[in-house]
Amino acid sequence: MWLLVAGAFALRFLLIPLDLYRSTDFEVHRNWLAVTHSLPLSKWYFEETSQWTLDYPPAFAYFEWLLSKAAAAVDPGMLVVNNLEYASPETVFFQRISVIFGDLVLLAGTWRLGGVKAAALVLCNSALLLVDHVHFQYNGMLLGILLLSVAEVEKGRTHLGAALFCLLLSMKQIFLYVAPVYFVFLLRAHCAASFAPLGLKLSKLVSLGMVVILTFGSLLAPVLVTGQAAQLVKRLFPFGRGLTHAYWAPNVWAVYNSLDRVVDKLGFGSQSGQSSTAGFAEVYESSALWTVPPKATFLLTLLAYCPLMAVIWRRTRPNSTEATAFLLYVALGCAISFSFGWHVHEKAIIMVTVPLLVAAARSNSQALSSTATALSAVATFSVMPLLPDQPKETFLKWLLFVGGCCVEASVLRPTRPAATPGEAAAQGGYLQPLGLGKLCPGWLVALGYLALGVYRDFGGHRLIFKGRMEFLPLLLTSDFCVVLVLGSFLQMFALLP
């Protein structure tokens, strides 16, 4: 397994000289390096020279500030605010290397929770490789902090686990997705909350609350005392964006948008303004169905969260030191928010797959391993359109997709022989891990990947439509993936201990 870990890091380094595609996120983070290095802290959240303004919480800004100290020795040009779209070879190398070193935090988190098996699985995950080391982001480092927080909670070091989670929220606000899980679990397990009189341990609640307040306070204070509180909120929660991202994440709203387009084509639409298929992230109006506002998605997410919170409350014993189900609760919390949240990015699926792979790595449950493998495969397939339709990138993403599926299926495949004919049938062949049981067998899912892949990535769409209906491959990808994604989420809930 350590060879897989070493190979995963070697692959990261080998990707650098290939001069692969870099998304706008590369320039986003270069600009943030420049802003935090060149300007006083009091101006960080007001700076607007670039359209890619600082819109992460303060702790991530501090991280960029620290990185900028090393960047100054590599190429000071990257730290000039007015050097928009600056991408010298030294800058590209530095930023790529910074993501790789950030994955050391991910290595620590996975190893703490599931040992070398979990580390190998996650570090070899193709979706994470594509999103962080080609497209460009720091998800590995952030997910590593999440896993370290979960590990501390599981080991009974609740205050440290809570402080790490507060740090994580202060680095990227998207992890609010899983905040209800932390709140209910810690209230029940650590503070002994119950419906019985005098059940709550008030001293534990106060001490935990002080940890949260002090952590947030220390991280937010420099920004708040410089008069940037209102600007910070405006940057962190831009509800001026649309229900879905430019490329629809495979969630409930992808189905909703598709249904809206179908009803519109049947002649019942009355759209004015921006279309959901125009390829923009701004606010748009539905053509025929109700235009869903942010408040509706929040209420629906909260409603969908209720069954999970009820399960956590019921199955977590007050003052319990048994917390092995917490990691799966975290994965499910992310899954619920991904399914119903406002303006969800397709990349957010890795917030579900990474904890789930770690849970599968340390579990003896064949069903959990199968669900993790199937979800990881569809997650990778769903983020592949982030890379452009160019020969080098197309070859790489398909190589990583097939290779990643093989690695995960091999590592999570049962090591003992089947005890009964029924168990042997359940284990199935090499394609079985891609499926979701008898209703959606692995061979059928693999056939779907192949057919849609040829249509989307190997010229099928261009051959048929000659440059028209450019959004159709993305729409079909979202709708194909949403069936597998939501099916996997339902299986995860059914597998709760």
Side-chain angles (χ1 to χ4, degrees), residues 5-109 123 128-145 148 164 167-168 170-172 218-223 226 228 235:
V5 172
F9 275 102
L11 176 59
R12 285 159 165 77
F13 283 102
L14 289 172
L15 290 175
I16 296 177
L18 294 181
D19 192 27
L20 295 164
Y21 163 79
R22 302 182 300 272
S23 74
T24 54
D25 282 324
F26 182 88
E27 169 61 13
V28 167
H29 288 282
R30 189 223 51 90
N31 182 58
W32 294 357
L33 286 172
V35 167
T36 55
H37 178 82
S38 303
L39 300 177
L41 190 150
S42 60
K43 296 184 179 180
W44 286 2
Y45 287 96
F46 288 102
E47 166 57 35
E48 294 182 339
T49 300
S50 168
Q51 63 174 314
W52 311 118
T53 53
L54 180 59
D55 59 5
Y56 275 21
F60 199 93
Y62 307 150
F63 166 71
E64 294 279 9
W65 176 79
L66 287 172
L67 271 185
S68 73
K69 302 308 174 184
V74 176
D75 183 359
M78 76 176 86
L79 301 177
V80 178
V81 174
N82 290 322
N83 278 356
L84 303 183
E85 305 298 332
Y86 187 84
S88 68
E90 294 79 9
T91 299
V92 173
F93 178 79
F94 176 80
Q95 290 195 238
R96 293 290 193 191
I97 285 289
S98 69
V99 178
I100 296 174
F101 278 98
D103 278 354
L104 293 175
V105 181
L106 181 63
L107 172 62
L123 289 168
L128 189 62
L129 285 166
L130 290 173
V131 171
D132 276 14
H133 299 278
V134 181
H135 181 275
F136 194 86
Q137 279 192 340
Y138 290 92
N139 294 289
M141 178 184 69
L142 296 171
L143 287 166
I145 297 174
L148 287 171
L164 284 170
L167 169 64
L168 182 63
S170 300
M171 294 191 77
K172 193 169 183 178
S218 61
L219 292 170
L220 297 177
V223 172
T226 52
Q228 299 181 87
R235 289 277 182 89

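As a basis for the values below, the full set of heavy atoms in this structure was taken, side chains included, without hydrogen atoms, waters or symmetry mates.
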| task | May I have the step-by-step check of side chain to side chain contact (heavy atoms under 4.5 Å, CB included) for Phe26 and Val92, ending in yes or no? | result | CA-CA 9 Å; Phe26 182 88; Val92 173; 3.8 Å; yes
| request: Would you sort out whether Thr53 and Glu47 count as a side chain to side chain contact (heavy atoms under 4.5 Å, CB included), showing the intermediate values? | output: CA-CA 7 Å; Thr53 53; Glu47 166 57 35; over 6 Å; no
| query | Phe13 and Ile97: side chain to side chain contact (heavy atoms under 4.5 Å, CB included), yes or no, with the steps? | reply | CA-CA 8 Å; Phe13 283 102; Ile97 285 289; 3.4 Å; yes
| Evaluation steps, side chain to side chain contact (heavy atoms under 4.5 Å, CB included), between Phe60 and Leu54 | CA-CA 10 Å; Phe60 199 93; Leu54 180 59; 5.8 Å; no
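Contact detail for Ser170 and Pro57: the closest heavy-atom pair is O-CB, 3.0 Å. Shortest non-hydrogen contact noted between Val81 and Ser38 is CG2-CB, 4.0 Å. Residues His37 and Ala72 approach most closely at CE1-CB, 4.3 Å, considering heavy atoms. The two residues Gly77 and Asn83 come nearest to each other via the heavy atoms O-ND2, 2.9 Å. Thr49 approaches Asn82 most closely through the heavy-atom pair CG2-OD1, 3.3 Å. Across every non-hydrogen atom of Trp44 and Arg235, the tightest pair is O-NH1, 4.1 Å.
Checking side-chain atoms of Thr226 against main-chain N and O of Ser42 turns up no donor-acceptor pair under 3.5 Å. Between the side chain of Ser50 and the main chain of Val28, no donor-acceptor pair closer than 3.5 Å is present. When atom types are taken as modelled, the side chain of Asp25 and the backbone of Gln137 share no donor-acceptor pair closer than 3.5 angstrom. Formation of a donor-acceptor pair under 3.5 Å by the Glu90 side chain with backbone atoms of Val74 is not found in this model.
Results of the side-chain contact (heavy atoms from CB on, under 4.5 Å) test with Leu148 over Leu168, Leu164, Leu143 single out Leu164 as the only residue that passes. Each of Val105, Ile100, Leu106 was checked for a side-chain contact (heavy atoms from CB on, under 4.5 Å) with Met141, and the lone residue meeting it is Val105.
For the pair Glu64/Val35, no side-chain contact is recorded, criterion being any heavy-atom separation below 4.5 Å from C-beta on. Side chains of Trp32 and Ser68 form no contact here, defined as non-hydrogen atoms less than 4.5 Å apart. With a 4.5 Å cut-off on side-chain heavy atoms, Tyr86 and Val80 do not count as touching. Using a 4.5 Å heavy-atom cutoff, the side chains of Leu129 and Val134 are not in contact. Taking the side chain as every heavy atom from C-beta outward, His133 and Asp103 approach each other to under 4.5 Å. Considering only heavy atoms from C-beta on, Asp75 stays 4.5 Å or farther from Phe94 through its side chain. Counting heavy atoms from C-beta outward, Phe9 and Leu107 have side chains that approach closer than 4.5 Å. Side-chain contact check for Val99 versus Gln95: every heavy-atom pair is 4.5 Å or farther apart.
We find the OH-CE distance between Tyr56 and Met171 to be 10.0 Å, quoted to the nearest 0.5 Å. Residue Leu123 holds its CG atom at 8.0 Å from CG of Leu128, rounded to the nearest 0.5 Å. In this structure, the separation between CE on Met78 and CZ on Arg30 is 9.0 Å, given to the nearest 0.5 Å. Between Lys172 atom NZ and Asp55 atom CG the span is 9.5 Å, to the nearest 0.5 Å. The line from CG of Leu130 to CG of Leu15 is 9.0 Å long, rounded to the nearest 0.5 Å.
Heavy-atom contacts from other residues, nucleotides or ligands closer than 6.0 Å to CZ of Phe101 number 12 or fewer. A 6.0 Å sphere centred on NZ of Lys43 holds no more than 12 heavy atoms belonging to other residues, nucleotides or ligands.
Between Phe63 and Tyr138, the ring centre distance stays below 6.0 Å.
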